[in-house]
Peer 1: 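Dropping the structure in here first, questions after.
Predicted model, so just to flag it, every value in this text is computed and none were measured.
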Amino acid sequence: MRVLIVEDDINLNKGIGIVLEELTDEICSAHTLEEAKEIVLNEEIDLMVLDLNLPDGDGLDFIKYLRNSLYSFPIIILSARSLESDMILGLKLGADDYLIKPFSLIVLKEKIRAIMKRINKEEHFTYEDEHLNFNFDKLKFFVDGREVDLSKTEIKILQKLIANRDIIVKRENLIDAVWGLEGEFVDTNALSVAINRLRKKIVYKEKIHNEYGVGYIWKS
């Protein structure tokens with residue numbers, strides 16, 4: 001397991017790394033968002049410990065970038081920001097936990113241990129039937145053996161529908177899953193347009209059924 005620590009306080013960064021050594025195979029350290037982005041783009045990261053107040057930007061913006069880019073590894077926020085609104089925003093953007101500075105390194109260690117147990121129990125997210133083969137971990141999508149290219153928006157829609165297969169997913173829940181906090185500013189027709197594009201790409205349009213006025217359902 002490879003953990004990335006993004007913290008501009010050099011001593012704290014080292015201290016976290018020392019405490020986590022027994023839990024991980026490798027520790028990567030970054031002191032700026034630019035360094036962190038470079039590591040994420042070139043290394044396979046399993047978990048990130050992220051400070052919010054960094055020299056070259058706000059960690060919340062980085063979380064938003066990661067989730068929009070479909071990076072799904074767990075993120076634990078470390079921050080001196082103690083306002084409830086900051087905590088809620090961080091979690092809504094996609095963080096898995098939020099620790100307020102000063103914090104206990106032992107508590108951080110146990111939170112990471114708990115996340116690791118959860119990761120180990122989770123199955124890889126795939127879907128397969130007679131015609132379709134989707135691997136959301138590797139972002140590989142095949143229709144009758146032919147690979148199709150899906151946009152990030154289409155992947156998020158597909159993932160949400162398949163995760164709730166044979167259950168109606170309300171339009172507002174799909175919009176929240178795809179566009180998150182920006183959903184309230186999204187044109188009401190954007191979801192319909194995206195789903196129509198997705199239907200064409202997966203060929204078997206009947207798999208995505210429109211429950212008019214309510215939402216959509218993936219028919220397994």
Side-chain angles (χ1 to χ4, degrees), residues 1-9 11-33 35-54 57-126 135-139 152 155-156 159-160 162-164 176-178 180-181:
M1 181 176 185
R2 183 181 288 120
V3 173
L4 172 58
I5 303 168
V6 188
E7 167 62 62
D8 63 324
D9 184 317
N11 291 330
L12 180 55
N13 197 313
K14 288 182 179 178
I16 294 171
I18 291 171
V19 169
L20 299 184
E21 277 181 348
E22 69 175 81
L23 296 181
T24 66
D25 300 313
E26 184 178 347
I27 299 287
C28 298
S29 293
H31 303 97
T32 66
L33 292 178
E35 290 177 1
K37 186 175 181 180
E38 185 70 19
I39 291 172
V40 169
L41 291 174
N42 293 284
E43 304 284 347
E44 186 173 337
I45 300 301
D46 299 299
L47 184 144
M48 177 184 291
V49 177
L50 176 66
D51 183 23
L52 294 185
N53 297 319
L54 292 158
D58 191 327
L60 291 176
D61 292 330
F62 191 46
I63 294 173
K64 185 177 179 180
Y65 160 78
L66 291 170
R67 294 315 189 214
N68 285 339
S69 301
L70 301 180
Y71 289 101
S72 59
F73 50 73
I75 299 172
I76 297 179
I77 291 174
L78 309 177
S79 179
R81 301 181 198 173
S82 58
L83 291 178
E84 186 179 78
S85 57
D86 285 321
M87 299 175 66
I88 291 172
L89 179 58
L91 295 170
K92 280 189 173 182
L93 286 173
D96 294 78
D97 211 331
Y98 194 115
L99 282 177
I100 298 173
K101 295 179 178 179
F103 58 89
S104 164
L105 287 173
I106 301 304
V107 170
L108 173 62
K109 178 181 176 181
E110 292 309 312
K111 284 181 176 291
I112 290 177
R113 192 194 302 274
I115 288 175
M116 289 171 62
K117 288 181 181 178
R118 187 193 77 200
I119 292 173
N120 290 335
K121 288 180 180 179
E122 289 178 348
E123 295 182 357
H124 294 299
F125 189 15
T126 61
N135 188 318
F136 290 91
D137 297 313
K138 296 181 178 180
L139 300 180
K152 293 174 184 176
I155 292 171
K156 289 179 181 179
Q159 187 168 3
K160 184 69 173 178
I162 290 179
N164 297 276
D176 183 62
V178 175
L181 295 176

Peer 1: For the pair Lys156 and Asn68, evaluate side chain to side chain contact (heavy atoms under 4.5 Å, CB included) and give the outcome as yes or no after the intermediate values.
Peer 2: CA-CA 10 Å; Lys156 289 179 181 179; Asn68 285 339; 3.5 Å; yes

Peer 1: Before you tell me yes or no, could you show the steps for Leu60 and Ile77 under side chain to side chain contact (heavy atoms under 4.5 Å, CB included), namely the whole-Å CA-CA distance, both residues' side-chain angles and the distance that decides it to 0.1 Å?
Peer 2: CA-CA 9 Å; Leu60 291 176; Ile77 291 174; 4.3 Å; yes

Peer 1: Find the distance between NZ (Lys152) and CZ (Arg67) and round it off to the nearest 0.5 Å.
Peer 2: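 So the gap between those two atoms works out to 13.5 Å.
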
Peer 1: Say whether, by atom type as modelled, one donor and one acceptor occur between the side chain of Asp46 and the main chain of Arg2 under 3.5 angstrom.
Peer 2: yes

Peer 1: Taking Ile75's backbone N and O only, do any of them form a donor-acceptor pair with Asp96's side chain (distance below 3.5 Å, no angle check)?
Peer 2: yes

Peer 1: Among Leu78, Leu66, Ile63, find the one that has a side chain to side chain contact (heavy atoms under 4.5 Å, CB included) with Leu50.
Peer 2: Ile63

Peer 1: What pair of heavy atoms forms the shortest contact from Leu33 to Gly59, and how long is it?
Peer 2: CD2-CA, 4.4 Å

Peer 1: Closest heavy-atom contact between Asp97 and Lys111?
Peer 2: OD2-NZ, 2.9 Å

Peer 1: Can you check whether Asp86's main-chain N or O pairs, donor with acceptor, with Arg81's side chain at less than 3.5 Å?
Peer 2: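 The answer is no, because no donor-acceptor pair under 3.5 Å joins these two groups.
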
Peer 1: Compare every heavy atom of Asn53 with every heavy atom of Ser79, then report the nearest pair and how far apart it is.
Peer 2: OG-ND2, 4.4 Å

Peer 1: Would you find a donor on one side and an acceptor on the other, under 3.5 Å apart, between the side chain of Ser104 and the backbone of Val107?
Peer 2: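 Pair found, side chain donor or acceptor close to backbone of Val107.
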
Peer 1: With side chain to side chain contact (heavy atoms under 4.5 Å, CB included) as the criterion, how do Phe62 and Met48 come out once you've worked through the C-alpha distance, each side chain's angles and the decisive distance to 0.1 Å?
Peer 2: CA-CA 11 Å; Phe62 191 46; Met48 177 184 291; 3.7 Å; yes

Peer 1: Distance from Asn11 atom CG to Lys14 atom NZ, nearest 0.5 Å?
Peer 2: 6.5 Å

Peer 1: Can you tell me how far CE of Met116 sits from CG of Leu20, rounded to the nearest 0.5 angstrom?
Peer 2: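 Output value for this atom pair is 9.5 Å.
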
Peer 1: Hey, could you give me the CG/CG distance between Leu108 and Leu23, rounded to the nearest 0.5 Å?
Peer 2: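 The distance works out to 9.5 Å.
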
Peer 1: Which pair of non-hydrogen atoms, one from Phe136 and one from Ile155, has the smallest distance, and what is that distance?
Peer 2: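 Scanning both residues, the minimum pair turns out to be CE2-O, 3.9 Å.
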
Peer 1: Taking the basic N atoms (NZ, or NE/NH1/NH2) and the acidic carboxylate oxygens, is any pair closer than 4.0 Å for Asp51 and Lys101?
Peer 2: yes

Peer 1: Decide side chain to side chain contact (heavy atoms under 4.5 Å, CB included) for Ile76 and Ile115; before the verdict, give the C-alpha distance in whole Å, the side-chain angles of both, and the deciding distance to 0.1 Å.
Peer 2: CA-CA 10 Å; Ile76 297 179; Ile115 288 175; 3.7 Å; yes

Peer 1: Between the side chain of Asn13 and the main-chain N/O of Glu7, is any donor-acceptor distance below 3.5 Å?
Peer 2: yes

Peer 1: Are Ile27 and Val3 packed together at the side-chain level, in the sense that at least one heavy-atom pair is separated by less than 4.5 angstrom?
Peer 2: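 A side-chain contact exists here, since the closest heavy-atom pair is under 4.5 Å.
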
Peer 1: Looking at every non-hydrogen atom in both residues, tell me the closest pair between Ala30 and Ala36 and how far apart they are.
Peer 2: CB-N, 3.6 Å

Peer 1: Taking the side chain from Glu43 and the backbone from Ile45, do they hold a donor-acceptor pair closer than 3.5 Å?
Peer 2: no

Peer 1: With rounding to the nearest 0.5 Å, note down the distance linking OG in Ser82 to OH in Tyr98.
Peer 2: 7.5 Å

Peer 1: Could you check whether any side-chain N or O of Asn164 sits under 3.5 Å from a backbone N or O of Lys160, counting only pairs where one atom can act as donor and the other as acceptor?
Peer 2: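 Yes, because the side chain of Asn164 sits within donor-acceptor range (under 3.5 Å) of the backbone of Lys160.
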
Peer 1: Let me confirm one number: the OG1-CD1 distance from Thr24 to Ile112, rounded to the nearest 0.5 Å.
Peer 2: 8.5 Å

Peer 1: Any side-chain heavy-atom pair from Asp58 and Leu52 closer than 4.5 angstrom?
Peer 2: yes

Peer 1: Are side-chain heavy atoms of Leu41 and Tyr71 found at a separation under 4.5 Å?
Peer 2: yes

